[in-house]
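Worksheet: one structure, shown below.
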Amino acid sequence: MIDEIISQISDAIWAYLLIGVLVLCGLWFTWKTKGVQFRMIGEMFRLLADSVTSGCDNLEDSNKNHKHVSSFQAFAVSVATRVGTGNLAGVATAIAVGGPGAVFWMWVIALLGSATAFVESTLAQLFKQRNKDSFIGGPAYYIRKGLHKKWMAYLFAVLITITFGLSYNSIQSNTICGAMHEAFGWDPLVVGIILSVIALFIVFGGIHRIAKVSSILVPLMAIGYFLLALVIIVMNIHHIPHVLRVIVTDAFGLEQGVGGALGITIMNGVKRGLFSNEAGEGSAPNVAATATVSHPVKQGFIQALGVFTDTLLVCSCTAFIIIISGLYDVPELNGIALTQAALGSEIGSIGPTFIAVAIFLFAFSSIIGNYYYGEANIRFITSNTTVLTVFRFFSGGVFVMFGAMVSLEMVWCLGDLCMALLTACNLVAIIILGKYVFRLLDDYKRQKRNGIKEPTFHRSQLPEIENDIDCWD
């Protein structure tokens, strides 16, 4: 009963507000940045490669006590939350409920949303602050400093703490437990206890332990899953034209025959696309702000690349495997069980086991990243260490156990509602503050045209808000 009420409320918000606003924002930012997500993709890869080899690509902060987080580490933490349950269980849920056409709308929201991700992450860098031993920032900070709306900043901080630190962690846990039960028959209670113990150990280590763990796990798990999916797709290359035809025709309701079916397809594609790539949700900027870079635009490029990595690569791999298998019409299959069954139909009994192991790595790394989003915003609200300690126990312990014990429908309905409220709050802010990002992008490209390989930024370049910028001096 409760999950039905929550589902109705979140569906109403998505249907009448967020889908249109998300698409319009993506179109607006794409136009104002002259297609930054397409035109600057080469620069995105260059910056990511440079940050891997050099660690940090600037010396903007001279404080020897600062533990620098490189662009690659910030990228890895944000991808850790993007590449996870949304790619394996979320895609399967979107297809099971909305049909194969939902995949097309996931692609659309990713292509447009990458421009939105660029804007919000650049703003996070612009308005970041120095913390005790690193940088800290995100939408709560640029709302307070850029919009001067303290109440709205606190509202966002509360919403993201609840959404990621609590609600999303229950989704990750629920998916892990479901996968382990499907593959090995393990009791969700036992799996939940193990997850909670491991999560609590890591979350008490802070962002640098999180960055270190994620920078190792994420590339390994993403590359491994991508390569396996690629092998399956190559083995079934003759089916790809059919898969693409099914996705496109279903996306525009050409075969549903029922008017309402198209709306369900679009809604599920957009919702699961946003859950997966987080573009516009206001989450990735919290990690983007921690990176040490010479110009705010650099981390905007990195995070825009993360959207492509997540949806156009990993989500598409899962979608193709499911559609090739033809099992998406089986009523009993949904979520991670559908992905496991689809992979099992292609590679045999090892399929469900592989997905169980993969989802553990994907979802557990997401639990780690989700926790950090909550920590960053708890620190924004209060410096009381007791509050942070309580949050750590709830995020890594209580809600991980909650997800292990409740139904799949309950955790997804709660997550959809929280995601809708959070995204609406962030979109208002970045629409108003986007003008500063456009100027920063123009400055970056001007310096590149003048032969400067690593453009730099000084807060005096934006004199009207110079006093609101804490770094970049």
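Here the CD1-OG distance, from I247 to S316, works out to 7.5 Å after rounding to the nearest 0.5 Å. In this structure, I323 CD1 and D329 CG are separated by 10.5 Å, a value rounded to the nearest 0.5 Å. Here the SG atom belonging to C317 is positioned 11.5 Å from the CD1 atom belonging to I322, to the nearest 0.5 angstrom. In this structure, CG in L228 is found 4.5 Å from CD1 in I232, a value given to the nearest 0.5 Å.
Side chain of E281 to backbone of L422: no donor-acceptor contact under 3.5 angstrom is found. Judged purely by atom type and a 3.5 angstrom limit, T423 has no side-chain atom pairing as donor or acceptor with the backbone of A420. Looking at Q125, its side chain never comes within 3.5 Å of a backbone N or O of G300 through a donor-acceptor pair. At distances below 3.5 Å, not a single donor-acceptor pair connects side-chain atoms of N169 with backbone N or O atoms of F399. Here the side chain of T30 pairs a donor or acceptor atom with the backbone of G26 at under 3.5 angstrom. Proximity of a side-chain donor or acceptor of S395 to a complementary backbone N or O of G165 within less than 3.5 Å is detected.
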Query raised in the report: Are L227 and V231 close enough, and set up right, to give a side chain to side chain contact (heavy atoms under 4.5 Å, CB included), and what steps lead you there?
Result: CA-CA 6 Å; L227 290 177; V231 169; 5.6 Å; no
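Scanning both residues, A153 and F380, for their nearest heavy atoms gives CB-CZ, 3.6 Å.
Residue F38 qualifies as enclosed at atom CZ: its count of foreign heavy atoms under 6.0 Å is above 12.
The side-chain heavy atoms of Y154 and I381, taken from C-beta on, include a pair separated by under 4.5 Å. F320 has its side chain within reach of L244: a pair of non-hydrogen atoms, C-beta onward, lies under 4.5 Å apart.
Side chain to side chain, N286 and Y141 fail the donor-acceptor criterion of an N or O pair below 3.5 Å. In the model, T161 has no side-chain atom that pairs as donor or acceptor with a side-chain atom of N377 under 3.5 Å.
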